[in-house]
Peer 1: 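First the structure, which I've put down as structure tokens, then a few questions once you've had a look.
Only heavy atoms go into these numbers, but all of them, side chains included; no hydrogens, no water, no symmetry mates. Keep in mind the model is a prediction, meaning the values are calculated, not measured.
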Amino acid sequence: MKKTLFPVLLACACLYSPRGLRGQESLLTRTLASPAIIYAVAFSPDGKYIASGGVDKTPRLWSREDGSVAGTFKGHKNSVNAAAFSPDGKTLATGGEEGAVKLWSVEGGSCLNTLKGHGDSVSSVAFFPDGKRLATGSTDGTVRIWKVPAGKLERIIRPALGYVYSVSVSPDGKYVAAGGAGSAVKVWDAGTGARRLTLQGHRGAVNSVAFSRAGDYLVSGSDDGSVKVWRVGDGVCEKTFGAGRRPFLSVAYSPDGAYVFGGGGDREVYAWSVQQGGLVRAFQGHGNSVKSIAFSPDGRYLATGSFDRTVRLWLTPWEAEARNNENKKAAALEDEKKKNYSLHYEEGLRLLASSSLLKLRKAPEEFRLALTYKREPACEEKLAEASAALVRKERETGRLALAGLAALLVVSVILAAWRAVVRSKKNAWLRETLPTEIKRETMSGNYDSAFRSYSKYKAIGGKKEDLPREELLELYRGMRTLEELPKEDLPYSFFLAYAVKSVKEGNLALAQSMLRSGRLLDQFRTAADFEAFAGLYEEARRPENLLMVKFGPGTYSGLAEAFFKAGNLDACKKMCERKKQFHAAKLSARDAELLSLCLKRAEEPAAAGNKKPEVRWHCINCGYIHGAQEAPETCPTCGHPRAHFKAVTAG
């Protein structure tokens, strides 16, 4: 019976296999020999390592690249039945026959924690997608959910399946599925522990369960010799594979969800197409039952662990097909390279035979292109010959070219010098004429033309002192951009004059903007500048905020002299006091004299009954201080009406 069944199964595999997976050549790439029976295999998330566990109590880490042992983890007291990597690949969880779950550092090999609680052997472990929880199944009949790496028990699920042989966590972490000694597969809500589905259909113990990567299907393998595909949404069994074979001990979904794999007691691993429902391939090579199956995350490799004490690494059928296609493409590319080599080599020979300098220059390039497709000594020799011929030819014509180039260089220098002189003269002429043009156009009301001339004048670096001061103010006024004028880089004397004019026009806010809230005062150079400001200050009713800026020592002295001359002893005294406060080391004899005179006059007794208390008005909106007996109609700074001023009587 067994002899007649195998050819039938093999024929079915060929009949139902897709075109790309039809070949039955061996896809085995490497056999990793272990000292004992293998119960569990797992791929690391980066696909570089395979973890295994078995009867020898020692989990091992194998290099997928060369098959070497990359690490061992010692600590279990009995057989290792299960293994799983954390999603970040830094932690390996293993379950032992002694009932303990161990968490290992993959890099260092040390045991991070031991989770104790199961009353019998741990048969299965599975991380949640976030890596913060771990599901474990045991022959004590429970499924436990732990918080890792702390090892705190979060939930115990008692599925009433008898021994629990396998657990799987859905890719979104919402569900936990388990199979065991009972014939049913059960699915629970991982967050609440409530049972969501009971999948019935197997007629024997369920040894292995696994979710698809999308989480919409669940596959199970049973002692009844069948592999079933269940729809998670409603619990319907969509496909049954392998009916009548020996028990299936392990099942897995391919990463793309297109295939289901199962291995078990007949030493083979089978692959079925989920969509077509047919057997695609049988992987043969193990000498005993296949207990565990794991895919590399990229789906290129399949690892199987067996009772024959080996871990076998296979190419997946689609990876084998992809490599076969790559080989075909490589062969076609090689033919194309030979064709292109001949094409460029022959063209190089034709160009080398020519006496034309233009063609000789192209010859080495053709030989170089030929060498990019194929390295041939003959081609390299022709490249050297073409290069030498080109050098000789260029030397012959170089003398004439050098003479012509020298003449051209002389002409170029003369032309460049002439252009520089012309440009310099033009700019000098513009610097001389543009101020007059700005003045004329502004007075004529042609503001756009005047502004273009002003912009051109700035671009050529004209002297700002030569600009028509009054017309420039009128220009900005005509352009209705007067508020932008204080931002210009102009001599301070311009802004001082504009501020004086703004005060006379009653526009105190613009005057303060022109003075840059007092910061302009540090640019004053003459006594006339300070005296002009003192007059402005009086006419503007002594806006205190213009003097709140910290000035340089010379500015304080100039202001004190100007205020003293104007008879504003209070402001003079303040300037002297602030210079003493901020620049005590630079206080001059004249500063001390002015301060003394101001204090002396302030102490002179006033005529009885005639002295009125000094009143200042404080804007409660912006803080502006108005030094007069009556509040202004509107605040010159923020524009609020008189009602926003509060009287403050100086002591």
Peer 1: Can you confirm whether V219 sits close enough to F211 that some side-chain heavy atom of one is under 4.5 Å from a side-chain heavy atom of the other?
Peer 2: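 No, every pair of side-chain atoms sits at 4.5 Å or beyond.
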
Peer 1: Which is it for H344 and Y373 under the side-chain contact (heavy atoms from CB on, under 4.5 Å) test, yes or no, and what are the steps along the way?
Peer 2: CA-CA 9 Å; H344 289 290; Y373 295 105; 3.7 Å; yes

Peer 1: Do any N or O atoms from the side chain of N113 and from the backbone of A150 form a donor-acceptor pair under 3.5 angstrom?
Peer 2: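 Checked: pair present.
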
Peer 1: Side-chain donor-acceptor pair under 3.5 Å between T139 and S121, yes or no?
Peer 2: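 Distance-only check passes for T139 and S121.
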
Peer 1: Determine, for E65 against K48, whether the closest basic-nitrogen to carboxylate-oxygen distance falls under 4.0 angstrom.
Peer 2: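 A salt bridge is absent here (no side-chain N lies under 4.0 Å from a carboxylate O).
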
Peer 1: Please report the C-alpha distance between N325 and N327 in whole Å, then the side-chain angles of each, then the deciding distance to 0.1 Å, and finally whether the side-chain contact (heavy atoms from CB on, under 4.5 Å) criterion is met.
Peer 2: CA-CA 5 Å; N325 291 336; N327 291 336; over 6 Å; no

Peer 1: Would you say W62's side chain and V311's backbone share a donor-acceptor pair under 3.5 angstrom?
Peer 2: no

Peer 1: For residues F248 and W272, establish whether the separation of their ring centroids is below 6.0 Å.
Peer 2: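 Yes; W272 has its ring centre under 6.0 Å from that of F248.
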
Peer 1: Just so I know, are the side chains of L32 and R30 near enough to count as touching, which here means a heavy-atom distance under 4.5 Å?
Peer 2: yes

Peer 1: Is there a side-chain contact between L349 and F367, using heavy atoms and a 4.5 Å cut-off?
Peer 2: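 In short, these two side chains touch, coming nearer than 4.5 Å.
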
Peer 1: Between E336 and K339, does at least one N-O distance fall below 4.0 Å, as a salt bridge requires?
Peer 2: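 The answer is no: the pair does not qualify as a salt bridge.
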
Peer 1: Is it true that a side-chain atom of S68 and a backbone atom of A70 form a donor plus acceptor pair closer than 3.5 Å?
Peer 2: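 Checking the backbone N and O of A70 against the side chain of S68, no donor-acceptor pair under 3.5 Å is found.
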
Peer 1: S124 side chain to V167 main-chain N or O, any donor-acceptor pair under 3.5 Å?
Peer 2: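 Here the side-chain-to-backbone pair exists.
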
Peer 1: Between T29 and W314, does a side-chain hydrogen bond (donor to acceptor under 3.5 Å, both in side chains) hold up when you go through it step by step?
Peer 2: CA-CA 5 Å; T29 64; W314 318 76; over 6 Å; no

Peer 1: What do you reckon, is OH of Y301 surrounded by more than 12 foreign heavy atoms closer than 6.0 Å?
Peer 2: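 Atom OH in Y301 is crowded, with more than 12 foreign heavy atoms closer than 6.0 Å.
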
Peer 1: Taking atom CD as the centre, does Q275 end up with more than 12 heavy-atom neighbours from other residues, nucleotides or ligands that are less than 6.0 angstrom away?
Peer 2: no

Peer 1: If we only count heavy atoms from C-beta on, is the R195 to T198 side-chain gap below 4.5 Å?
Peer 2: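 SC-SC contact between R195 and T198 confirmed.
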
Peer 1: Take K362 and E365, measure what salt bridge (charged side-chain N to carboxylate O under 4.0 Å, His left out) needs, and give me the verdict at the end.
Peer 2: CA-CA 5 Å; K362 294 180 180 179; E365 183 61 26; over 6 Å; no

Peer 1: Could you go through D56 and T58, starting from their C-alpha distance and side-chain angles, then the distance that decides it, and tell me whether this counts as side-chain hydrogen bond (donor to acceptor under 3.5 Å, both in side chains)?
Peer 2: CA-CA 6 Å; D56 67 346; T58 304; 4.8 Å; no

Peer 1: Do W104 and S110 have side-chain atoms, one donor and one acceptor, less than 3.5 Å apart?
Peer 2: no

Peer 1: Work out which heavy atom in S86 is nearest to a heavy atom in P45; give both atom names and the distance.
Peer 2: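 Closest heavy-atom pair between S86 and P45: O-CG, 3.3 Å.
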
Peer 1: From W188 CH2 over to R155 CZ, what is the distance, rounded to the nearest 0.5 angstrom?
Peer 2: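 Reported value, rounded in 0.5 Å steps: 12.5 Å.
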
Peer 1: Is the closest side-chain heavy-atom distance between R300 and R64 below 4.5 Å?
Peer 2: no

Peer 1: Salt-bridged, E394 to R361, with N to O below 4.0 Å?
Peer 2: yes

Peer 1: Between H286 and E268, do the side chains contain a donor N or O and an acceptor N or O under 3.5 Å apart?
Peer 2: no

Peer 1: For V232 and D216, run side-chain contact (heavy atoms from CB on, under 4.5 Å): C-alpha distance rounded to whole Å, both residues' side-chain angles, the deciding distance at 0.1 Å, then the answer.
Peer 2: CA-CA 5 Å; V232 175; D216 49 353; 5.6 Å; no

Peer 1: On the six-membered ring of Y270, is R281 placed so that its NZ or CZ lies under 6.0 angstrom from the centre and within 45° of the ring axis?
Peer 2: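 Verdict for Y270: no cation-pi partner in R281.
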
Peer 1: Determine the interplanar angle of the Y341 and Y345 rings, folded into 0 to 90°, and report it as parallel if under 30°, tilted if 30 to 60°, perpendicular if over 60°.
Peer 2: parallel

Peer 1: Salt bridge or not for R133 and E154, using N-O below 4.0 Å?
Peer 2: yes

Peer 1: Checking the side chain of S44 only, and the main-chain atoms of Y49 only, is there a donor and an acceptor separated by less than 3.5 Å?
Peer 2: yes

Peer 1: Would you check if the side chain of T94 reaches a backbone N or O of A83 as a donor-acceptor pair within less than 3.5 Å?
Peer 2: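 No; judged by distance alone, with no hydrogens or angles, the pair does not exist.
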
Peer 1: What class does the angle between the rings of F261 and F283 fall in, given that below 30° is parallel, 30 to 60° is tilted and above 60° is perpendicular?
Peer 2: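 Correct class here is tilted.
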
Peer 1: Is the closest side-chain heavy-atom distance between S138 and V164 below 4.5 Å?
Peer 2: no

Peer 1: Less than 4.5 Å apart, any side-chain heavy atom of I38 and any of F307?
Peer 2: no

Peer 1: How far apart are the C-alpha atoms of T72 and L61, what are their side-chain angles, what is the distance that settles it, and do they pass the side-chain contact (heavy atoms from CB on, under 4.5 Å) test?
Peer 2: CA-CA 6 Å; T72 57; L61 195 66; over 6 Å; no

Peer 1: Would one find more than 12 heavy atoms of other residues, nucleotides or ligands at under 6.0 Å from atom CZ of R203?
Peer 2: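 12 or below, so no.
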
Peer 1: Provide the closest heavy-atom pair for A100 versus T114 in the form atom of the first, atom of the second, distance.
Peer 2: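 Looking at all heavy atoms of both residues, the closest pair is CB-CG2, 4.0 Å.
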
Peer 1: Considering only heavy atoms from C-beta outward, does the side chain of I145 approach that of L134 to under 4.5 Å?
Peer 2: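 The answer is no; the side chains never approach within 4.5 Å.
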
Peer 1: Does the ring centre of F295 sit less than 6.0 Å away from the ring centre of Y253?
Peer 2: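 No: the rings miss the under 6.0 Å criterion.
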
Peer 1: Any sub-3.5 Å donor-acceptor pair from S222's side-chain atoms to G225's backbone N or O?
Peer 2: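 It does not hold such a pair.
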
Peer 1: Could you tell me if T240 and K228 have a donor-acceptor pair between their side chains, going purely by distance under 3.5 Å?
Peer 2: yes

Peer 1: Determine whether more than 12 heavy atoms belonging to other residues, nucleotides or ligands lie under 6.0 Å from atom NZ of K239.
Peer 2: yes

Peer 1: Would you confirm whether S306, through its side chain, and D308, through its main-chain N or O, come within 3.5 Å as a donor-acceptor pair?
Peer 2: yes

Peer 1: Between D140 and G119, what is the shortest heavy-atom contact and its length?
Peer 2: OD2-N, 2.8 Å

Peer 1: Which heavy atom of V206 sits nearest a heavy atom of S220, and at what distance?
Peer 2: CG1-CB, 4.1 Å

Peer 1: Counting only N and O atoms by type, is there a donor-acceptor contact under 3.5 Å from the side chain of S208 to the main-chain atoms of V251?
Peer 2: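 Side chain of S208 to backbone of V251: a pair is present.
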
Peer 1: Could you pull out the closest heavy-atom pair between A294 and V41, with the gap in Å?
Peer 2: CB-O, 3.8 Å

Peer 1: Quick one: does any side-chain atom of S170 pair with a main-chain N or O of K174 as donor and acceptor, under 3.5 Å?
Peer 2: yes

Peer 1: Nearest heavy-atom pair of A303 and F43: which atoms, and what distance?
Peer 2: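 Between these two residues, the closest heavy atoms are CB-CE1, 3.7 Å.
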
Peer 1: Any ion pair linking R350 and E346 (charged N to carboxylate O, less than 4.0 Å)?
Peer 2: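 Answer for the salt bridge query: no.
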
